[in-house]
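Structure first, commentary second.
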Amino acid sequence: MATAVRQLDQYVEAHGDLRAQRLKEPAWLQRMRDQAWHEFRAQGLPTTHDEDWRFTNVAALERIPFRRAALAAVANPVTIQDIAACRIDGALCRLVFVNGRFAPELSELEALPDGIEVINLSEALTNENLEAHLGRYADRERDAFVALNTGLWEDGALVRTRRGAAIDRPVHLLYVTASNGAPVMTHPRTLIVAEATSRVAVVEDYVSLGSGQAFSNSVTELVAGQDAVVSHYLVERENLDAFNISTLRLQQERGANVHSHSILLGGGLVRNNVHPVLAGAGAECLINGLFVGAGQQHLDNYMLVEHAQPDCSSRQFYNGILDERARGVFHGRIVVHKDAQHTDAKQTNRNLLLSDDARIDTKPQLEIHADDVKCTHGATIGQIEEEALFYLRSRGLAESEARNLLLHAFAAECLDRMKEAPAREFVETLIRERLGEMAARHSSKRREAIESETEVAQSWEEVG
Amino acid sequence: MSLLEIKNLHASVDGHEILKGVDLTMNPGEVHSIMGPNGSGKSTLAAVLARRESFEVTAGEALYDGKDLLAMKPEDAACEGVFLAFQYPVEIPGIGNAYFLRSAMNAIRKYRGQDELDAMDFLPLFREKVKLLEMDGALMNRSLNEGFSGGEKKRNEILQMAMLQPKLAILDETDSGLDIDALRIVAQGVNALRSPERSFLVITHYQRLLNYITPHFVHVLVDGKIVRSGGPELALELEEKGYGWAEPDQVPA
Ligand SMILES: Nc1ncnc2c1ncn2[C@@H]1O[C@H](COP(=O)(O)OP(=O)(O)OP(=O)(O)O)[C@@H](O)[C@H]1O
Ligand SMILES: [Mg+2]
């Protein structure tokens, strides 16, 4: 343990530096942070011996001397023009954070409609009591990254919709890392509270400006009250040196309907944790994702769906496209608790491997404590079908264009599940750019054609 | 000059020799029909001409419009005017029919140095052909062939052909799976395209299609070789007597 602590010097140092800020916070939050820090020091970072981290090695997060960005940097490295390039057409508002700190001059918060509050978290804490929700859901005892975030977050966002409010346009939360040389770490914290029968969509968007190395460790807690309808989008488009660990914890009350969309296009090492708890009868969740990797990218998706009450349904659909030496992981775990009768849970993971060196590990896991449940899962791993490619080319489309179309068609399944047009169109543009790059690279590197999609012969791993 | 001149064509799939020396010459404006038993290599010949790269040409040559067809990629052959109506059209979820067809037309137009069509130019043309083939317009908003019935897929192939206006159209069993009305509609679609410059290679098992599209020549392909050629009457004779009869040197087993 002593060596582990020494190797985590960078985080210990950050924790010490934040002492002054913490002292100004409410007592309950100080206690929570102390407790979380204690957990983090006790656990250290996970290793590949940890079953939940078998496929993803985070040793680099111990090795690399990440620091908090210097306060009062000479000048804000990010300009309005940089941010303009990242905007979402049709968004309701935009909250921008640079290196984990709120940047009011880059944000757009004018004229919010009634029924919604969008504010940076540290500001919100000065005049509201968030104790009922903040830190109540994400598991800092079992998850070292949640503990680390809880100890070290400097700022983040609060989005709250009031009972019955219907907010049509999506809220854009833009988390920018701009490191000029020295590796930077941030621990953004987001709290989304949708009160009963309200409706809202939030896009959490991770971007890097410049080519520096960064580690972003975010935690988002989303509470959907009774019959609330909420969409959450996670967009990871950082540079290929970025480390991104994100945890989305969904708490769903009776009849709440939540859609989680994860779009992983960038980042060098990405771990995307999505953990809904269907805590009220009749709640529904859709967990939709697309991950696209090339080069040495490592994209790990860890889903933990907990059915705690009867008559809930969950749908997981993840599509992966991996090229070159990229590696993907899809770990889909479903836990059905004792009271969760009539659970209907479905999980599908489809993957396209565009090179012989690309790799996907897909692992369904089921833990059932109720007796009247319906759970299905399926995973496929395939290549672009030679016959489909020939069909398109036989009509005159160049090979790169035909490939591009087929990759798009594969990604379109995920896009079709996104109901909010501004968010969908934004994501679609990003995907189009990313796939265009990949298709162009491919047809220059002639490959022999391989066909067929293999069903992954694999059954549920029964646990517990 | 002939439009297509195939000499001693040999081709293999996965190391198995399927075409074992095919010779065939087609002039502009001619309709040739190829008949032959299941597995004799008809679709293989069609795919090789459309330049499917997983089918390996091991010997022989094919000149198309005086150019070396076998050196072309599938998209180049298409842009030069070769069209294959597939025996089993491929379903591609996620790609819209109309969007795909416009992309294909524009790829070909670009190759020929013509301006690209925008949606305004494209749509009236497209609607006209949809009507010609008596297709359900709603189908066209769906993904490429996805969930189409067998007959709808075949009609969609002819719709694509009508839009792309090829010089050499190869129809691989376009008639199989069609009901009598659809057969007539498809045949009308084909006949509407017949012209002194355009040639058709019609692969079929049945005389019934040839009642509508009268071929100039009929060839019989058996075990990767053309064993007999003749006029339209050959198809009738085959229907009556079977393929065994067509092979002059057939030794009864
Ligand atoms: N990938 C492959 N590997 C081995 N043999 C193949 C392959 N593809 C096709 N063949 C064989 O090639 C032969 C010719 O097939 P082809 O599809 O050209 O026949 P066809 O004349 O079109 O038959 P049909 O009338 O049934 O459509 C068949 O015996 C078929 O089994
Ligand atoms: Mg055939």
Side-chain angles (χ1 to χ4, degrees), chain A residues 288 290 292 317 319-321 348 350-352 380 382-418 424 427-428 431-432 435-436 439-440 442-453, chain B residues 13-14 46-56 72-97 99-112 143-146 153 156-157 159-161 163-166 169-170 172:
Chain A
N288 177 40
L290 175 70
V292 181
F317 299 101
N319 280 12
I321 300 176
T348 308
R350 299 184 59 207
N351 302 286
L352 273 185
T380 58
Q383 288 87 31
I384 284 196
E385 284 179 43
E386 187 265 340
E387 197 184 15
L389 200 58
F390 172 59
Y391 187 72
L392 299 180
R393 295 175 74 189
S394 78
R395 299 301 184 247
L397 298 180
E399 187 184 353
S400 64
E401 202 179 339
R403 264 181 194 287
N404 198 4
L405 266 183
L406 290 170
L407 291 183
H408 264 283
F410 187 72
E413 294 177 6
C414 298
L415 283 166
D416 289 345
R417 298 190 191 100
M418 301 175 184
R424 184 184 57 243
V427 167
E428 192 171 4
I431 292 173
R432 183 177 309 126
L435 296 182
H442 238 278
S443 38
S444 55
K445 277 191 310 196
R446 193 132 193 86
R447 285 163 25 84
E448 79 271 34
I450 341 160
E451 210 167 330
S452 92
E453 186 167 276
Chain B
V13 184
D14 286 344
V48 167
L49 295 178
R51 304 305 310 120
R52 184 164 186 170
E53 287 165 338
S54 54
F55 291 19
E56 193 196 349
M72 293 181 196
K73 295 193 265 189
E75 56 267 40
D76 297 339
C79 291
E80 292 284 346
V82 176
F83 180 91
L84 168 61
F86 283 55
Q87 181 175 2
Y88 304 108
V90 185
E91 291 194 24
I92 308 185
I95 300 181
N97 267 294
Y99 175 80
F100 163 63
L101 198 45
R102 180 151 75 91
S103 305
M105 279 183 85
N106 281 336
I108 293 176
R109 291 177 71 90
K110 211 164 128 190
Y111 182 91
R112 296 180 184 161
S143 287
L144 194 47
N145 294 323
E146 193 190 23
K153 283 182 188 165
N156 200 23
E157 295 290 284
L159 171 78
Q160 293 178 12
M161 176 178 81
M163 292 294 284
L164 299 176
Q165 303 261 321
I170 304 162
D172 190 358

Which bit of [X] is near chain A, if near means a heavy-atom gap under 4.5 Å: side chain, backbone, both or neither?
X        : result
B/Ile92  : side chain
B/Leu101 : neither
B/Pro166 : neither
B/Tyr111 : neither

> Between A/Leu392 and chain B, which part of the residue has a heavy atom less than 4.5 Å away: side chain, backbone, both or neither?
Replying inline: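 When you check distances to chain B, atoms from both the backbone and side chain of A/Leu392 fall under 4.5 Å.
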
> Donor-acceptor pair, B/Gln87 side chain versus B/Asp172 backbone, under 3.5 Å?
Replying inline: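 No, the answer is negative, given that no donor and acceptor are paired below the 3.5 Å cut-off.
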
> Of the listed residues (B/Gly96, B/Pro74, B/Ala50, B/Ala107), which shares the most heavy-atom pairs with chain A below a 4.5 Å separation?
Replying inline: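 Heavy-atom pair counts peak at B/Pro74.
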
> So does B/Glu157 pair up with B/Lys153, basic N to acidic O under 4.0 Å?
Replying inline: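 No, this pair does not count.
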
>> Restricting to side chain to side chain donor-acceptor pair (under 3.5 Å), what partner residues turn up for B/Asn145, sequence neighbours left out?
In response: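 Partners of B/Asn145 under the side chain to side chain donor-acceptor pair (under 3.5 Å) test: A/Tyr391, B/Asn156.
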
>> I'd like to check the side chain to side chain donor-acceptor pair (under 3.5 Å) partners of B/Tyr88; sequence neighbours left out, ordered by chain and number.
In response: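 Listed in chain order: nothing, the list is empty.
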
> When rounded to the nearest 0.5 angstrom, what is the spacing between NE2 in A/His408 and CG in A/Leu435?
Replying inline: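 It comes to 5.0 Å.
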
